[in-house]
Amino acid sequence: MGRAFVYVILGGGVAAGYAALEFARRGGYSRGELCIISEEAVAPYERPALSKGYLLPEGAARLPGFHTCVGANDELLTTKWYKEQGIELVLGTKVISADVRRKTLLTATGETISYKTLIIATGARALKLQEFGIQGSDASNICYLRNIDDADKLVNAMKSCPGGNAVVIGGGYIGMECAAALVTNKIRVTMVFPEKHCMGRLFTEKIAEYYEDYYTSRGVTFVKGTVLTSFERDTTGKVTAVILKDGRHLPADMVVVGIGIRANTSLFEGQLVMSVENGGIKVNGQLQTSDSSVYAVGDVAAFPIKLFDGDIRRLEHVDSARRTARHAVASILEPSKTRDIDYLPFFYSRVFTLSWQFYGDNVGEVVHFGVFTSSSPRFGAYWVNKGRIAGAFLEGGSRDEYEAISVAVRRKAKVANMAELEKQGLAFAIQESQTEAPDCGLAVVGKPTYAWHATAGVVAAVSIAAIGYWYGRKRRRW
């Protein structure tokens, strides 16, 4: 027995919700022709809420308040919405194999689901300590954060050890955001990572120093340049201490692990062309895979970036998931009218009263600017490659200022003098954004979907507690 659909979206994360909304707005399907298959038991939701609003001690965000697509200041897609739109949700369902040639998917219950067009939105999974040979990694007080179940486990762990000790393994996005949430819950935090500074893939040493100092002022302890090797556990199997390679023992009532993710590509390996360098499914500018009936979006898609001269990248960020999903649907429904995606890589984070945004690529020579010592910081950096702006970072900016640095990156603004760039700082980007765009062959198409979080005048005035409010209700448009 089985079911057949014209369009199948495989995966129930952020990208699935945004793809569904794009289908609904463009039409092109009849009731019962489109479905979303997800292992999770709930309709697609905004994952950034999990490391922010969901972990708050009071006024925490909960579903249905942060279903997609409220993260882009758009419609709230509840189960009722999908029903009204004639989109079938196949929830709590694991697909165990795929046959691209036959256009079929096999579920764990033995059902075969066939399609004419497939959108792979399987996202990524959190890397587990077991994969690195760490014994005892299945302890009940070791937490990860990738889905609602993970978030519930983390919340319960925090409630079980008020005023206790948490060890956060990893100094990237998840580590930094979870550490902020743990401190907000009045838990003592020690962060452990092997790099020289936090956010090693993006931050410069100078930028990282500011955030580490800020976190330290909030009670976080950093242990850098080492890794965990094992755990001490009690008679029930719970972790009581983390043992590091340098011999230190860190007391722990709970452990949060954020050591990276891996794209969920296993169902399609050997059937679709993969990007070996990026660990994802290789797609063209239409988000189409090596099989013309299959598209890939979000964390799993390795796609060409026009701004980087067509270099293939796999971007692990919510904005990329939203935009690639929408573009794939446009490509499917109106291929002759849809140009290749022209995406400006964009990353952001909010912790405590801090808020930063980054655009482009962190390659080339770095020029820092602004004041790094203020309690209300506004600083940043440019990355200059071959005499042009390749990337830009800004903490504490306004909506217009964030827009300005994005324009400078999009245009690959020319830098004549590095010393002058440092002197001008943010004014360089503002001036660039106020001039007419040069004819450099790069069309400014679209902006990151950040209207709801870009106004630092708001962000800087509120604490992490406000995130629950932002995700907890449908917001008006800017």
Could you go step by step and tell me if Glu40 and Tyr45 meet the side-chain hydrogen bond (donor to acceptor under 3.5 Å, both in side chains) rule?
-> CA-CA 10 Å; Glu40 295 196 66; Tyr45 55 87; 2.7 Å; yes
Could you give me the CA-CA distance, side-chain angles and deciding distance for Gln357 and Tyr359, then say whether side-chain hydrogen bond (donor to acceptor under 3.5 Å, both in side chains) is met?
-> CA-CA 7 Å; Gln357 294 184 22; Tyr359 297 86; 2.7 Å; yes
Criterion side-chain hydrogen bond (donor to acceptor under 3.5 Å, both in side chains) on Asp319 and Tyr348, from CA distance to verdict = CA-CA 9 Å; Asp319 186 69; Tyr348 76 91; over 6 Å; no
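In terms of heavy atoms, Leu344 sits closest to Ser406 at CD2-O, 3.8 Å. What you find for Gly17 and Cys69 is that their closest heavy atoms are O-SG, 3.7 Å.
Residue pairs meeting the salt bridge (Lys or Arg N to Asp or Glu O under 4.0 Å) criterion with at least one member in residues 10-24, sequence neighbours excluded: Glu22-Arg26. Applying the salt bridge (Lys or Arg N to Asp or Glu O under 4.0 Å) test to every pair with at least one member in residues 263-276, sequence neighbours left out, gives no pairs at all.
A salt bridge does not link Arg47 with Asp150: none of the charged nitrogens is closer than 4.0 Å to a carboxylate oxygen. Ionic pairing of Lys196 and Glu205 is not present here: no N-O contact between side-chain nitrogen and carboxylate oxygen is shorter than 4.0 angstrom. A salt bridge is absent between Arg101 and Asp291; no separation between the charged side-chain nitrogens and carboxylate oxygens falls under 4.0 Å. For the pair Glu432 and Arg410, the salt-bridge criterion is not met [side-chain N within less than 4.0 Å of a carboxylate O]. Using a cut-off of 4.0 Å between Lys/Arg side-chain N and Asp/Glu carboxylate O, Arg314 and Glu316 are scored as salt-bridged. Using a cutoff of 4.0 Å between basic side-chain nitrogens and carboxylate oxygens, Lys224 and Glu195 are not scored as salt-bridged. Contact check on Glu75 versus Arg25 returns a salt bridge, with a Lys/Arg side-chain nitrogen under 4.0 Å from an Asp/Glu carboxylate oxygen.
Between Phe203 and Trp356, the ring planes are perpendicular. Angles over 60° get that label, and only those under 30° would be called parallel. Ring planes of Trp383 and Phe358: perpendicular class, angle over 60° (limits at 30 and 60°).
Counting only heavy atoms from C-beta outward, the side chains of Val8 and Thr117 never approach each other to under 4.5 Å. Side-chain atoms of Pro377 and Leu354, non-hydrogen and from C-beta on, do get closer than 4.5 Å to each other.
In this structure, the ring of Phe352 has its center less than 6.0 angstrom from the ring center of Tyr214. Ring-centre distance between Tyr115 and Phe5: not below the 6.0 Å cut-off. Checked against the 6.0 Å centroid criterion, the rings of Phe369 and Tyr382 qualify as a close aromatic pair. Checked against the 6.0 Å centroid threshold, Phe372 and Phe379 count as a close aromatic pair.
With hydrogens and angles left out, the side-chain atoms of Tyr18 and Arg326 include no donor and acceptor closer than 3.5 Å. Counted by atom type alone, His327 and Thr338 present zero donor-acceptor pairs between their side chains at under 3.5 Å. Side-chain atoms of Ser331 and Gln288 include no donor-acceptor pair closer than 3.5 Å.
Not counting sequence neighbours, the partners of Arg102 by the salt bridge (charged side-chain N to carboxylate O under 4.0 Å, His left out) test are Asp99.
Put simply, the side chain of Ser433 gets close to the backbone of Ile430: a donor and an acceptor are under 3.5 Å apart.
For the salt bridge (charged side-chain N to carboxylate O under 4.0 Å, His left out) criterion with Asp361, the lone passing option out of Arg388, Lys386, Lys412, Arg313 is Arg313.
The cationic group of Lys116 does not satisfy the cation-pi geometry with Tyr7, failing either the under 6.0 Å distance to the six-membered ring centre or the 45° limit from the ring axis. A cation-pi contact, defined as under 6.0 Å to the ring centre and within 45° of the axis, links Lys128 to Tyr144.
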